[in-house]
K.L.:
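My structure is below; once you've seen it, I'll send some questions.
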Amino acid sequence: MKVLLCISHVPDTTSRIRFVNNQTQFDTTDVQYIISPYDELSLTRLLEIKEANNDLDITIITVGNADVEATMRKALAIGADDAIRVDAEPVDALFVAKQIAEVARTRNFDFIMTGKESIDHTGNQVGEMVAEFLDMPSVSSAAWLEIEANKGIITREMDGGKEVVEVKFPFVVSGQKGIAKEPRIPNMRGIMNSRKKSLEVVPAVAQDTVSVISHYELPAPKGKCKMIPADNAAELVRLLHEEAKVI
Amino acid sequence: MSVLVYTENWDGRFKKSTYELVSYAKAIATELKLPLVALSIGNVSEAEFSKLELYGADKLVLVNTEKLHTFVAQAYTHTVYQVAKAENASVLLFNNNYTGRSLAPRLSVKLNAGTATGVVKLPASYAPFIVRKSIYTGKAFADVELLSAVKILTLNQNSFEIRENATGAKVEVREVEVLDKHLAAMPTKVEKASGKMNLTDAEIVISGGRGLKGPENWGMVEELADLLGAGTACSRPVADSEWRPHHEHVGQTGKVVRPNLYIAIGISGAIQHLAGVNSSKVLVAINNDPEAPFFEAADYGIVGDAFAVVPKIIDAVKAMKASH
């Protein structure tokens, strides 16, 4: 069986978010890039499936310039089999989804997986867009995934409720927290092996740009925290009621 | 042309976020001088759907086909698409929730439309069409310009106030084409959340962290939550240690909440946790460590032992309730 896993290259969750060039560009100074956490958890679940049934080829795909290759190599070191980089600046979600759909169209994957969302633009769009480009069913926010001979069995979790979906190949699934317990860390052997794995670079296909970011802004700075003495906790209740008017 | 708003139902009912969305859509429709069409799919009564005229819907289109009583992304997309075409919709609006985040991207492909997910206010301008959305899990905002003829927005909860704007519109039941191949991902089992407050809908959230020392100490968190009609949440280490269920985990890799009031008890305030809560209107931190980073983000703070402070707060809330 073959799966295509979409990997996003995003700033580490502890990054200070700042902007430059008159607030039109993300400031990459001192920013560490990582595999987006939901993509990493999805990869971990796919490796568990691969190890259980010994029949799953995991190809990862990222749309980006050469800078993203370090992140892709990390996914190969963790255990993905090979990689495809679409060589283009990711303009917007529709552009990215179109690239992934075009690669998938010609290579017959049994299913396609994404993380629930990338933690940078948190758009949560690419998976469903790929599914629509390919006219495939999709199941989003999967908290569990099993793969059988010709289908996926997926548990979706939304706001404490649950749904179980059985869907035949091909389909698109997006993984959220719960899909795997802890992301895997590459070991030395994995890192060595990853250098020998294929990382194919393919050109982008044309797609209209439908959205651009014209300006970034940070939230207004918070006023000073009003401290209340611990022995007068009742004062907090009074302030929340009379001043903040939230209770 | 028109503005189309998709109004999701939960067991045939709407939520506060639905009314926020319709009010928001009306403000856009008014600005563009276009009629506002509300679309509901599923088992909704005409009486319930009629309520949306109160918030400004000029036309109420109900698709109540039995095949569409359960949400399936492909089939619902095809339905919204047919109605959007019939109504010549130039702006489509959804709540930024599970359903909206499935439908909006798919329709973006079908309509070659630019999409902004998680918008937080009305567009700053309409030509060019520029709207502000939340990014980096609430750590920043981006102004997005949508360049396409059709635009799609998903609205964050608690970002727009409900406005009444009665139109007297009547419900129109419409038939649509439903293709069997679009029902391939139909759930075989649906388990609704038990009577508990849905965290993302809660106006007040009481959240506990490692400072509470163990799951046996959540009694006071739940008591305070019950008193205030609040939802309960927790930090990541608490969910990872299985002291509390994963769906209560709030933060960058858990849920993002935007309540009016978020009270963090024994949570130090790691940047990943703050990302999930910093759109809350009022933040309260209770922590025995005066250096806890949460105090930099909070509006009100108490440095002290949670086991001494929280019972006092509970007593004060009880006293406040008794005097009203």
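Per chain, numbering begins at 1; letters A, B, ... match sequence-line order. What you see below is based on every heavy atom in this structure, not just the backbone, and it leaves out hydrogens, waters and symmetry mates.
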K.L.:
So how far is it from Glu242(A) CD to Met320(B) CE, rounded to the nearest 0.5 Å?
P.N.:
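Answer for the CD-CE pair, Glu242(A) versus Met320(B), is 9.5 Å.
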K.L.:
Got a second to check how far Ile213(A)'s CD1 is from Phe141(B)'s CZ, nearest 0.5 Å?
P.N.:
13.5 Å
K.L.:
Do Lys162(A) and Lys189(B) have side-chain heavy atoms sitting under 4.5 Å apart?
P.N.:
no
K.L.:
Please classify the contact between Glu235(A) and chain B as side chain, backbone, both or neither, with a heavy-atom cut-off of under 4.5 Å.
P.N.:
neither
K.L.:
What residues of residues 284-295 of chain B make heavy-atom contacts with chain A at a cutoff under 4.5 angstrom?
P.N.:
Val284(B), Phe295(B)
K.L.:
In terms of heavy-atom proximity below 4.5 Å to chain B, should Ile228(A) be classed as side chain, backbone, both, or neither?
P.N.:
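Both parts, backbone and side chain.
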K.L.:
Could you check which of Gly301(B), Ala316(B), Gly114(B) has the highest count of heavy-atom pairs closer than 4.5 Å to chain A?
P.N.:
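If we count pairs closer than 4.5 Å to chain A, Gly301(B) comes out on top.
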K.L.:
From Lys321(B) NZ over to Ile247(A) CD1, what is the distance, rounded to the nearest 0.5 angstrom?
P.N.:
9.5 Å
K.L.:
Can you tell which part of Ile314(B) gets under 4.5 Å to a heavy atom of chain A, answering side chain, backbone, both or neither?
P.N.:
neither
K.L.:
Is Gln252(B) close to chain A through its backbone or its side chain, or both, or neither, when contacts mean heavy atoms under 4.5 Å?
P.N.:
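Gln252(B) touches chain A through backbone and side-chain heavy atoms alike.
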K.L.:
For Pro11(A), which atoms come within 4.5 Å of any heavy atom of chain B: side chain, backbone, both, or neither?
P.N.:
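For Pro11(A), side-chain heavy atoms alone lie under 4.5 Å from chain B.
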K.L.:
If we only count heavy atoms from C-beta on, is the Arg16(A) to Lys139(B) side-chain gap below 4.5 Å?
P.N.:
no
K.L.:
Need one label for Lys181(A): side chain, backbone, both or neither, based on atoms under 4.5 Å from any heavy atom in chain B.
P.N.:
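For Lys181(A), the contact with chain B is made by the side chain alone.
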K.L.:
In terms of heavy-atom proximity below 4.5 Å to chain A, should Ile271(B) be classed as side chain, backbone, both, or neither?
P.N.:
side chain
K.L.:
Using every non-hydrogen atom in the two residues, find where Val165(A) and Pro187(B) come nearest and quote the distance to one decimal.
P.N.:
CG2-CA, 3.9 Å
K.L.:
With respect to chain A, which residue among Leu283(B), Leu103(B), Leu261(B), Asp299(B) yields the maximal number of heavy-atom pairs within a distance under 4.5 Å?
P.N.:
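Of Leu283(B), Leu103(B), Leu261(B), Asp299(B), Asp299(B) has the most heavy-atom pairs under 4.5 Å with chain A.
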K.L.:
Using non-hydrogen atoms only, which part of Pro37(A) is less than 4.5 Å away from chain B: side chain, backbone, both, or neither?
P.N.:
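Only the side chain of Pro37(A) comes within 4.5 Å of chain B.
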K.L.:
Are Asp135(A) and Arg106(B) close enough for a salt bridge, meaning some N to O gap below 4.0 Å?
P.N.:
no
K.L.:
Go through the atoms of Ser118(A) and report whether side chain, backbone, both or neither lie under 4.5 Å from a heavy atom of chain B.
P.N.:
neither
K.L.:
Determine the sole option in Leu111(B), Thr115(B), Leu146(B), Asn112(B) for which the side-chain contact (heavy atoms from CB on, under 4.5 Å) test with Val210(A) is passed.
P.N.:
Asn112(B)
K.L.:
What option among Ala140(B), Gly304(B), Ala319(B), Gly118(B) has the most heavy-atom pairs under 4.5 Å with chain A?
P.N.:
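Going by pairs under 4.5 Å, I would pick Ala140(B).
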K.L.:
Nearest heavy-atom pair of Leu94(A) and Ser108(B): which atoms, and what distance?
P.N.:
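That closest heavy-atom pairing would be CD1-OG, 3.9 Å.
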K.L.:
Mark yes or no for whether Tyr38(A), through its side chain, and Thr253(B), through its backbone, hold a donor-acceptor pair below 3.5 Å.
P.N.:
yes
K.L.:
At a 4.5 Å cut-off on heavy atoms, which part of Arg156(A) comes close to chain B: side chain, backbone, both, or neither?
P.N.:
side chain
K.L.:
Might you point out which heavy atoms bring Ala230(A) and Lys312(B) nearest each other, and give the distance in Å?
P.N.:
O-NZ, 3.6 Å
K.L.:
At a 4.5 Å cut-off on heavy atoms, which part of Val282(B) comes close to chain A: side chain, backbone, both, or neither?
P.N.:
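Only the side chain of Val282(B) comes within 4.5 Å of chain A.
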K.L.:
Sort Asp208(A) into side chain, backbone, both or neither according to what part of it lies under 4.5 angstrom from a heavy atom of chain B.
P.N.:
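It is the side chain, since no backbone atom gets that close.
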K.L.:
Begin from the C-alpha positions of Tyr136(B) and Phe26(A) and carry the test ring-ring contact (aromatic ring centres under 6.0 Å, His included) through to its verdict.
P.N.:
CA-CA 11 Å; Tyr136(B) 293 103; Phe26(A) 179 65; 5.2 Å; yes
K.L.:
Is chain B contacted by the side chain of Glu182(A), its backbone, both, or neither, given a heavy-atom distance below 4.5 Å?
P.N.:
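Only the side chain of Glu182(A) comes within 4.5 Å of chain B.
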K.L.:
Does a donor on one side chain and an acceptor on the other come within less than 3.5 Å for Ser141(A) and Arg101(B)?
P.N.:
no
K.L.:
Counting only N and O atoms by type, is there a donor-acceptor contact under 3.5 Å from the side chain of Ser214(A) to the main-chain atoms of Asp143(B)?
P.N.:
yes
K.L.:
Side-chain contact, heavy-atom cut-off 4.5 Å: Arg236(B) with Lys177(A)?
P.N.:
yes
K.L.:
With a 4.5 angstrom heavy-atom cut-off, which part of Ile313(B) approaches chain A: side chain, backbone, both or neither?
P.N.:
both
K.L.:
Please walk me through it: do Glu157(A) and Tyr98(B) pass side-chain hydrogen bond (donor to acceptor under 3.5 Å, both in side chains)?
P.N.:
CA-CA 10 Å; Glu157(A) 258 182 38; Tyr98(B) 288 91; over 6 Å; no
K.L.:
Answer whether the closest heavy-atom distance between the side chains of Val303(B) and Met227(A) falls below 4.5 Å.
P.N.:
yes
K.L.:
Can you tell which part of Ala297(B) gets under 4.5 Å to a heavy atom of chain A, answering side chain, backbone, both or neither?
P.N.:
backbone
K.L.:
Of all heavy-atom pairs between Ser138(A) and Ala185(B), which one has the smallest distance, and what is that distance?
P.N.:
O-CB, 3.9 Å
K.L.:
At a 4.5 Å cut-off on heavy atoms, which part of Ala73(B) comes close to chain A: side chain, backbone, both, or neither?
P.N.:
side chain
K.L.:
Using heavy-atom distances under 4.5 Å, tell me whether Thr14(A) contacts chain B through its side chain, its backbone, both, or neither.
P.N.:
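Both backbone and side chain.
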K.L.:
Are the side chains of Glu128(A) and Val109(B) in contact, using a 4.5 Å heavy-atom criterion?
P.N.:
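Counting from C-beta outward, Val109(B) and Glu128(A) never come under 4.5 Å.
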K.L.:
Would you mind checking if Glu132(A) and Lys110(B) are paired as a salt bridge, meaning a charged N to carboxylate O distance below 4.0 Å?
P.N.:
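Judged by the 4.0 Å cut-off on N to carboxylate O distance, Lys110(B) and Glu132(A) do form a salt bridge.
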K.L.:
How about Glu163(A) and Glu191(B): do any of their side-chain heavy atoms sit closer than 4.5 Å?
P.N.:
no
K.L.:
Given a strict heavy-atom distance threshold of 4.5 Å, which part of Ala131(A) is in contact with chain B: side chain, backbone, both, or neither?
P.N.:
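Both parts, backbone and side chain.
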K.L.:
Against chain B, label Ile154(A) side chain, backbone, both or neither, depending on which of its atoms sit under 4.5 Å from a heavy atom there.
P.N.:
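For Ile154(A), neither part sits under 4.5 Å from chain B.
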K.L.:
Taking side chain as everything from C-beta outward and backbone as N, CA, C, O, which of these in Ile17(A) sits under 4.5 Å from a heavy atom of chain B? Side chain, backbone, both or neither.
P.N.:
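Just the side chain, heavy atoms under 4.5 Å.
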K.L.:
Name the region of Lys151(B), side chain, backbone, both or neither, that has any atom closer than 4.5 Å to a heavy atom of chain A.
P.N.:
neither
K.L.:
Val139(A) versus chain B, heavy atoms under 4.5 Å apart: side chain, backbone, both or neither?
P.N.:
side chain
K.L.:
Under 3.5 Å, side chain of Thr188(B) to main-chain N/O of Val164(A), donor-acceptor pair present?
P.N.:
yes
K.L.:
Using non-hydrogen atoms only, which part of Met186(B) is less than 4.5 Å away from chain A: side chain, backbone, both, or neither?
P.N.:
backbone
K.L.:
Can you tell me which portion of Ala113(B) sits under 4.5 Å from chain A's heavy atoms? Options are side chain, backbone, both or neither.
P.N.:
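Interface part for Ala113(B): backbone (N, CA, C, O).
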